[in-house]
Amino acid sequence: MKVVLHIWRQSKKSTQQNFAQDGKMVRYELDHVSADMSFLEMLDVLNEQLTKKGEEPVAFDHDCREGICGSCGVMIDGQPHGPQRGTTTCQLHMRSFKDGAEIYIEPWRAAAFPVVRDLVVDRASFDRVVQSGAFISVNTGAAQDANAIPVPKPDADKAFDAATCIGCGACVAACKNASAMLFVGAKVSHFVHLPQGRVERELRAKNLVAAMDKEGFGNCTNQYECEAACPKEIPVRVIADMNREYLRSKIKEEPPSNKRVGGDG
Amino acid sequence: MKLDSNIPGGPIQEKWDTRKFELKLVNPANKRKYKVLVVGSGLAGASAAATLAELGYQVECFCFQDSPRRAHSIAAQGGINAAKNYRNDGDSIWRLFYDTVKGGDFRAREANVYRLAQCSVNIIDQAVASGVPFARDYGGMLDNRSFGGAQVSRTFYARGQTGQQLLLGAYAGLSRQIGLGTVKMFSRTEMLDVVLVDGHAKGIVVRDLVTGEVRSHAGDAVVLATGGYGNVFYLSTNAKGCNVTATWRAYKRGAGFANPCYTQIHPTCIPVSGDHQSKLTLMSESLRNDGRVWVPKAKGDKRKAHEIPDGERDYYLERKYPSFGNLAPRDIASRAAMQVCDDGRGIGDTGLGVYLDFRDSIARLGKDAIAARYGNLFHMYAKITAEDPYSQPMRIFPAVHYTMGGLWVDYNLQSSIPGLFVLGEANFSDHGANRLGASALMQGLADGYFVIPYTIGGYLAGQKAGAVKSDHPEFGKVAGEVAAMTKKLLSINGKRTVDDFHKTLGKIMWSKCGMARNEAGLQQALREIPALREEFWKDVKVLGSDATMNQSLEKAGRVADFLEFGELMCRDALERRESCGGHFREEWQDEGEAKRDDEKFCHAAVWEYKGQNQAPVRNTEPLDFENVHLAVRSYK
Ligand code: FES
């Protein structure tokens, strides 16, 4: 099959807001595309052709190419990861497109995800949010036997469903407010359904919300675009979990000290 | 090259305790004066970085991905072994040790394997404490399943995403330390060389993949947890970025490289669909718990699967290996698949495939039970192939998946360069010539959580903290060499792309040094690879500059290293004139089963770099089997 691609090209890193001036859409025609190719393999073919012609290939993030690492992710015709529900860009196949299709490919657009080059964005803001509290404060060696605390299966399953988040950023890209509530909610929900995670639940919710705001992610206005875009189909109920936990942290008295203590170094 | 395996004395059960006691300690107040550089953020790297920071060391951690959470451990599907014996089915540390030594076809170091089995139980405890949502039964206890090469159920899992959940657990621990300021994280940063001062590893040179800046980092010790070299084949189940560069550059600075020819071909991957194929997708071995592997009995039978009655199907694993059946170890299952395809009985358009059929277990357990166990894998399969595995069997074929070889390390996981430690898939120590399923996650975490935190202290206690700074002239020299290589790659401006060279190399490796190897093929590969390498340095086309993000340049550096490494791999395969585990030499077989030569090859082959265009030297570390006696590995 044959496709016409319109791809965002940008050669240097944007500061947060001005991406509109830093690059432009460029049109490419691509022939002999096989329906069995993945979307990224189609871009590989384009890049090989560009390189041979002496044009710099299109930069895009990818690694596992099996939908689990969360590296890949572009806007395809205005939808994060393209038209197929529950599917990352790397797992989307060209059989989802018609012969002769015109396809528009752009990077995630969000203040907290500056564009690095072409389709590559900087998602370090996600890492910084996690660093603020998306963990259980346990040092190696301090654990008791794994079966000492039974975890009811429904709880373990709920925790797992939230923990499948791959951190790709599609939820943020889908949201008109560029909110990270689904991402952060997934973290909160994962830990709060496990007994091990409940010990520091208030502090976690408080710290995560503060970090999220500081990074410049927007607010949630209940559009549920994030759930529709999530390749792991994480449900919006995790946002309810997070709101509840946040409220709880407000109601509960401040803990005596919220300074976390690390190793003895 | 002096190879002292440094194994503690005494009975095998006591060796690790003995060593932990023997090792010198660094006092808590002094730990913060030492800096450890950890390269890689997969299970081994992330768990090591977090644990070392918890102990009080200053840690710097590096990964080439945009976040440490994306390291390739994340893609492991099936599970992690641990000798918990929660099933009361006869498992024990000794049995896990025994299975692993036997599974590795008697080419692993016994003492390391025993320690691995010992640490396995603590890993599960640690993972649960850090919030890993393993599968549970209705009583709230941890669930287990079986994996190849074992007759007990000791594999812990989180649906088909066990690697993801374990890595996110380790990443959470690492993130906590980054937040506390005890670990400095450098993402999108690729290690391009290791720096030796007075023979000790005292730093690394890296390239910032966003700005292109080449930078030096000094430390008191360097830990490599940079994964395997499966991408030398171009097509493998590894993530696209996986590469040999860190370990290869360490080799060129004097670290021994052990058993590069030991590569694992995984029996259950989705077959290649065309020339555009950029990587292969694994279907977890756990599927073999409930799926039956078969091909038609007749050659060239082109009927649809459901049209072939049971009597005309050959369930060849069940037939050949009745006691292990579909759960025969990976190397054996892969070879058996290759043999039926060679025999003209392969399925699908290419004839390079076999069926993995769930019909009987769906009839027995119901579709829902199968969906609960493997739902995400079935979903992934359907997405890639547009076929529904609930109603028709999966098509599968072997693919390169894991590499058992790696940098040589002693019992303390120190390479032949003092101060350079190697963890996880990047080292060679625990899996011998074949790795059993669900053992990679176990090894990565054992090394990172429970081994290196002890052994590195033994080394650091003898070093003056912060003795070498990055302004030492050696850093300037190495950084200069790194920058020169980058400039050279950009200046060639030839006609062939990097991927084109990589694919050509991959084809040579797969056909001559893949599932079956022989003298003539390897000799030919040893002529073709240097020629291809020469062409690469004359005709590769890498556009753009070294002062920005440049993905072609990143790939070019990695492929340049693969073009050197592939040659060493073939050399190793040629010199190992026996068959063992994943290394199958056609000349040494017994009716299709690997035939070891324990007289001549009961050793690890450790290669020593002698300079560009010089033949490397093959050293050996003899392997003693005092606890599991050398025997023909039988799964019949
Ligand atoms: S490349 Fe890993 S999720 Fe797409």
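Protein chains get the first letters and strands the later ones, always in sequence-line order, with residue 1 at the start of each.
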Exercise. Should we say atom OH of A:Tyr28 is surrounded by more than 12 heavy atoms from elsewhere, each under 6.0 Å from it?
Worked result: yes
For this session: Any chance you could lay out the side chain to side chain contact (heavy atoms under 4.5 Å, CB included) test for B:His276 and A:Ser34, step after step, and finish with the verdict?
Result: CA-CA 8 Å; B:His276 55 263; A:Ser34 141; 3.7 Å; yes
For this session: Could you tell me whether a side-chain N or O of A:His93 sits under 3.5 Å from a main-chain N or O of B:Ala386, the two making a donor and an acceptor?
Result: no
For this session: Side chain from CB out, backbone as N, CA, C, O: work out which of these in B:Ser67 comes under 4.5 Å of a heavy atom of chain A, or both, or neither.
Result: both
Seminar exercise, completed: Interface check, chain B: of A:Ala163, A:Cys165, A:Ser96, most non-hydrogen pairs under 4.5 Å belong to A:Ala163
For this session: Verify, without hydrogens or angle tests, whether B:Lys240 (side chain) and A:Arg65 (backbone) share a donor-acceptor contact under 3.5 angstrom.
Result: no
For this session: Quick one: pull up CG in A:Asn47 and CD in B:Gln551 and give me the separation to the nearest 0.5 Å.
Result: 8.0 Å
Exercise. For B:Asp275, does the CG atom have more than 12 heavy-atom neighbours from other residues, nucleotides or ligands under 6.0 Å away?
Worked result: no
Problem set entry | Check: A:Ala146 main-chain N/O paired with B:Asp125 side-chain donor or acceptor under 3.5 Å | yes
For this session: Under 4.5 Å heavy-atom distance to chain B, tell me which part of A:Lys187 shows up: side chain, backbone, both or neither.
Result: side chain
Exercise. Tell me, side chain or backbone of B:Gln126 under 4.5 Å from chain A's heavy atoms, or both, or neither?
Worked result: both
For this session: Apply salt bridge (charged side-chain N to carboxylate O under 4.0 Å, His left out) to B:Lys279 and A:Glu41, showing your working.
Result: CA-CA 9 Å; B:Lys279 75 150 291 178; A:Glu41 285 167 348; over 6 Å; no
Exercise. What distance do B:Arg70 atom CZ and A:His62 atom NE2 have between them, rounded to the nearest 0.5 Å?
Worked result: 13.0 Å
Exercise. Going by heavy atoms in the side chains, are B:Lys541 and A:Lys52 under 4.5 Å from each other?
Worked result: no
For this session: I would like to know whether A:Phe135 and B:Leu174 meet side chain to side chain contact (heavy atoms under 4.5 Å, CB included); could you show each step before the answer?
Result: CA-CA 9 Å; A:Phe135 45 73; B:Leu174 173 62; over 6 Å; no
For this session: With a 4.5 angstrom heavy-atom cut-off, could you sort out which part of B:Leu168 is near chain A: side chain, backbone, both or neither?
Result: side chain
For this session: Determine whether A:Val120 and B:Arg188 make a side-chain contact, defined as any pair of heavy atoms from C-beta on separated by less than 4.5 Å.
Result: yes
Exercise. Hey, is NZ on A:Lys158 packed in by over 12 heavy atoms from elsewhere, all under 6.0 Å?
Worked result: no
Exercise. Above 12 or not: heavy atoms from other molecules or residues under 6.0 Å from CG of A:Asp31?
Worked result: yes
Exercise. For atom NZ of B:Lys184, is the number of surrounding heavy atoms from other residues, nucleotides or ligands below 6.0 Å larger than 12?
Worked result: no
Exercise. Is chain B contacted by the side chain of A:Val121, its backbone, both, or neither, given a heavy-atom distance below 4.5 Å?
Worked result: backbone
Seminar exercise, completed: In this structure, CD of A:Gln91 is separated from NE2 of B:His379 (nearest 0.5 Å) by 8.0 Å
Problem set entry | Beyond-backbone contact of A:Phe160 with B:Val132, side-chain heavy atoms, under 4.5 angstrom | no
Exercise. Rounded to the nearest 0.5 Å, how far does OG1 of B:Thr497 lie from CG of A:Leu50?
Worked result: 11.5 Å
For this session: Decide yes or no for B:Lys383 and A:Thr87: does some side-chain heavy atom of the first lie under 4.5 Å from some side-chain heavy atom of the second?
Result: yes
For this session: Mind ranking A:Ile136, A:Val151, A:Val138 by heavy-atom pairs under 4.5 Å with chain B and telling me who comes out on top?
Result: A:Val151
Seminar exercise, completed: Comparing A:Asp61, A:Val116, A:Leu194 against chain B, the one with the most heavy-atom pairs below 4.5 Å turns out to be A:Asp61
Exercise. From A:Thr140 OG1 over to B:Glu54 CD, what is the distance, rounded to the nearest 0.5 angstrom?
Worked result: 4.0 Å
Exercise. Which pair of non-hydrogen atoms, one from A:Asp63 and one from B:Gly241, has the smallest distance, and what is that distance?
Worked result: OD1-N, 2.7 Å
Problem set entry | Residue part contacting chain A, namely of B:Glu554, when any heavy atom lies under 4.5 Å | neither
Problem set entry | Best-contacting candidate, B:Gln58, B:Arg496, B:Arg69, against chain A by heavy atom pairs under 4.5 angstrom | B:Arg69
Exercise. Ignoring hydrogens and geometry, is there a side-chain-to-backbone donor-acceptor pair from A:Asn147 to B:Leu142 under 3.5 Å?
Worked result: yes
Exercise. How close do B:Leu543 and A:Pro57 get, heavy atom to heavy atom, and via which atoms?
Worked result: CD1-CD, 4.5 Å
For this session: Counting only heavy atoms closer than 4.5 Å, note whether B:Thr237 contacts chain A via side chain, backbone, both or neither.
Result: backbone
Exercise. Highest number of heavy-atom pairs under 4.5 Å with chain A: which of B:Val210, B:Asp137, B:Asn376?
Worked result: B:Asp137
For this session: Select one option (side chain, backbone, both, neither) describing which atoms of B:Phe134 are under 4.5 Å from chain A's heavy atoms.
Result: backbone
For this session: Among B:Met185, B:Gln65, B:His72, B:Met380, single out the residue with the greatest number of heavy-atom pairs under 4.5 Å to chain A.
Result: B:Met380
Seminar exercise, completed: When B:Ile384, B:Leu280, B:Thr281 are each screened for side chain to side chain contact (heavy atoms under 4.5 Å, CB included) with A:Glu66, the one that passes is B:Thr281
For this session: Heavy-atom distances under 4.5 Å only: say whether A:Gln84 touches chain B with side chain, backbone, both or neither.
Result: side chain
Exercise. By side chain to side chain contact (heavy atoms under 4.5 Å, CB included), which residues pair with A:Asp157, not counting sequence neighbours?
Worked result: A:Lys153, B:Arg159
Seminar exercise, completed: Under 4.5 Å to a heavy atom of chain A? For B:Thr385 that would be backbone
For this session: Between chain A and each of B:Asp500, B:Ile124, B:Val128, count heavy-atom pairs under 4.5 Å; write down the option with the most.
Result: B:Val128
Seminar exercise, completed: d(B:Ser552 OG, A:Glu56 CD) to nearest 0.5 Å is 7.5 Å
Problem set entry | Interchain contact, A:Val58 with chain B, by part (heavy-atom threshold 4.5 Å) | backbone
Exercise. Can you name the side chain to side chain contact (heavy atoms under 4.5 Å, CB included) partners of B:Ala446, sequence neighbours left out?
Worked result: B:Leu116, B:Cys119, B:Ile123
Problem set entry | Residue, of B:Ser47, B:Gly544, B:Ala50, B:Ser273, that accumulates the most heavy atom pairs under 4.5 Å with chain A | B:Gly544
Exercise. Are side-chain heavy atoms of A:Lys13 and B:Thr548 found at a separation under 4.5 Å?
Worked result: no
Problem set entry | Validation row: A:Phe126, B:Asp66 side chains within 4.5 angstrom (heavy atoms) | no
Exercise. Does any heavy atom of chain A fall under 4.5 Å from the side chain of B:Asn30, the backbone, both, or neither of them?
Worked result: neither
Seminar exercise, completed: Among A:Ala156, A:Gly197, A:Pro152, A:Gly70, the residue with the most heavy-atom pairs under 4.5 Å to chain B is A:Gly70
Exercise. Is any side-chain heavy atom of A:His190 closer than 4.5 Å to a side-chain heavy atom of B:Pro133?
Worked result: yes
For this session: Indicate yes or no: at least one non-hydrogen side-chain atom of A:Gln131 is less than 4.5 angstrom from one of B:Arg176.
Result: no
Problem set entry | Leading residue by heavy atom contact count with chain B [cutoff under 4.5 Å; candidates A:Thr164, A:Asp36, A:Ile149, A:Asp44] | A:Thr164
For this session: Select, from A:Ala159, A:Ser71, A:Ala162, the one with the greatest count of heavy-atom pairs under 4.5 Å involving chain B.
Result: A:Ser71
